[in-house]
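Accompanying notes for the structure given below.
Only heavy atoms go into these numbers, but all of them, side chains included; no hydrogens, no water, no symmetry mates. Since the model is a prediction, treat every value here as computed from it, not as a measurement.
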Amino acid sequence: MDTSMIVKASIALGGTGLIMGGLLAVASKVFYVEVDARVELIRAVLPGINCGACGLPGCDGAAEAIVAGEASNTACVAGGSDVAKQIGALLGMDVSEVTGVANKALVRCGGGKNEVAHRYIYDGQHDCQMAQQVSGGPLLCPYGCLGLGSCITSCPFVAITLGEDGLPKIDWDKCTSCGACVKACPRGIISLVAEDKEVHVLCRSHNAGKEVRAVCKKGCIACKACEKVCEFDAIHVIDNLAVIDKDKCTDCKKCVEKCPTGCLADLTATRG
């Protein structure tokens, strides 16, 4: 074996390694970007689900935006006030006033599979978006819940299940109001509502009462019985649909008792 060849090869490889190492060292100095340590600390307290409810590119983007002053300590909707307080503390803020009523997702449809009429039987992919594209969906009510579970699969917190009536059921203890289900619903019947309100309208139909009666047993028929019984001027029928003024509503529930179709619901049990 020619030992001189081995020595030369070793020197060449060693020299190449030294040169490359030197270049990397120079590059690390030239392209060094200082990272604010608070970004990592804030990132650690965020839920880490990258739900996008804050409007920023994931939790990493949210942490960077908060530290840069481009987003507030309350930016993380899913984290709520607890996360906002932790972030505020990391930023040296007074967090004693970080409060507020949490929002929760609510399916504004009470027309289950036994209450709503169908125009055809959908036999395609189990997906609300897909069903909606087939002649506007299988339901005769254009505002009704399709019940195929797109909201369920979109929820990163496993807070939604499908009830026996074919309607999604949202566990408010698990719901973080991230809004993923709101975006996933092709009919826009899921809303974020204040957690402390008990009475809600579970219908989104603006059709005339006669048309609603023809396709759903639980829809708002714009009879104004709720409007007449309310002592606080908190509910009015607007464009054929009952609308509650949450600032005036006292949750007395007289409208719920008076509603002939049951589209006004008392969600006390849902609140827990």
message: What verdict does the side chain to side chain contact (heavy atoms under 4.5 Å, CB included) test give for Tyr143 and Arg108, after you've listed the backbone C-alpha separation in whole Å, the side-chain angles of each residue and the deciding distance to 0.1 Å?
response: CA-CA 9 Å; Tyr143 301 92; Arg108 292 187 179 277; over 6 Å; no

[X]: partners by salt bridge (Lys or Arg N to Asp or Glu O under 4.0 Å), with sequence neighbours left out:
X: Lys248; answer: Asp233
X: Lys246; answer: none
X: Lys254; answer: Glu231
X: Asp247; answer: none

Would you compute the distance between atom [atom1] of [X] and atom [atom2] of [Y] and round it to the nearest 0.5 angstrom?
X: Phe157; Y: Ser177; atom1: CZ; atom2: OG; answer: 8.5 Å
X: Lys197; Y: Thr250; atom1: NZ; atom2: OG1; answer: 7.5 Å
X: Cys151; Y: Lys183; atom1: SG; atom2: NZ; answer: 15.0 Å
X: Leu148; Y: Gln132; atom1: CG; atom2: CD; answer: 10.5 Å
X: His118; Y: Cys141; atom1: NE2; atom2: SG; answer: 11.0 Å
X: Leu139; Y: Tyr120; atom1: CG; atom2: OH; answer: 8.5 Å

Which atom of [X] lies closest to which atom of [Y], heavy atoms considered:
X: Val237; Y: Ala222; answer: CG1-CB, 3.7 Å
X: Leu56; Y: Ala65; answer: CD1-CB, 3.9 Å
X: Gln129; Y: Pro186; answer: OE1-CB, 3.6 Å
X: Ile221; Y: Pro260; answer: CD1-CG, 4.2 Å

- line: Only one of Ile152, Val107, Ile160, Thr161 passes side-chain contact (heavy atoms from CB on, under 4.5 Å) with Lys169, and that residue is Thr161

statement: Apart from Val243 itself, members of its ILVMFWY cluster (side-chain separation under 4.5 Å) are Ile238

Partners meeting side-chain contact (heavy atoms from CB on, under 4.5 Å) with [X] (sequence neighbours left out):
X: Cys263; answer: Cys203, Cys220, Cys259, Thr261
X: Asp82; answer: none
X: Ala105; answer: Ile170, Cys175, Cys181, Ile190, Leu192
X: Ile244; answer: Val199, Val201, Ile235, Cys249, Leu264

Do [X] side-chain atoms and [Y] backbone N/O form a donor-acceptor pair below 3.5 Å?
X: Glu115; Y: Gly112; value: yes
X: Ser72; Y: Thr74; value: yes
X: Arg187; Y: Cys145; value: no
X: Ser150; Y: Cys128; value: yes

Please answer: with hydrophobic residues joined when any side-chain heavy atoms are less than 4.5 Å apart, are [X] and [Y] in the same cluster?
X: Leu146; Y: Val116; result: yes
X: Val229; Y: Val256; result: no
X: Ile189; Y: Leu167; result: no
X: Leu241; Y: Val212; result: no

task: Take Leu106 and Leu267 through the side chain to side chain contact (heavy atoms under 4.5 Å, CB included) test and state the conclusion after the steps.
output: CA-CA 10 Å; Leu106 177 68; Leu267 300 185; 3.3 Å; yes

message: Tell me whether the count of non-hydrogen atoms from other residues, nucleotides or ligands lying under 6.0 Å of NZ in Lys253 goes above 12.
response: yes

- prompt: Which residue pairs pass the side chain to side chain donor-acceptor pair (under 3.5 Å) test with at least one member in residues 200-227, sequence neighbours excluded?
  reply: His206-Asp239

For residues 10-27, tabulate all N or O donor-acceptor pairs below 3.5 Å that involve a side-chain atom, not counting sequence neighbours.
| residue | atom | partner | partner atom | Å |
| --- | --- | --- | --- | --- |
| Ser10 | OG | Ile6 | O | 2.9 |
| Thr16 | OG1 | Ala12 | O | 2.8 |

Only distances under 3.5 Å count here; give the side-chain donor-acceptor pairs of residues 35-52 to other protein atoms, sequence neighbours excluded, each with its distance to 0.1 Å.
| residue | atom | partner | partner atom | Å |
| --- | --- | --- | --- | --- |
| Asp36 | OD1 | Arg38 | N | 2.8 |
| Asp36 | OD1 | Arg38 | NE | 3.2 |
| Asp36 | OD2 | Arg38 | NE | 3.2 |
| Asp36 | OD2 | Arg38 | NH2 | 2.8 |
| Arg43 | NE | Asp60 | OD1 | 2.5 |
| Asn50 | OD1 | Cys59 | N | 2.8 |

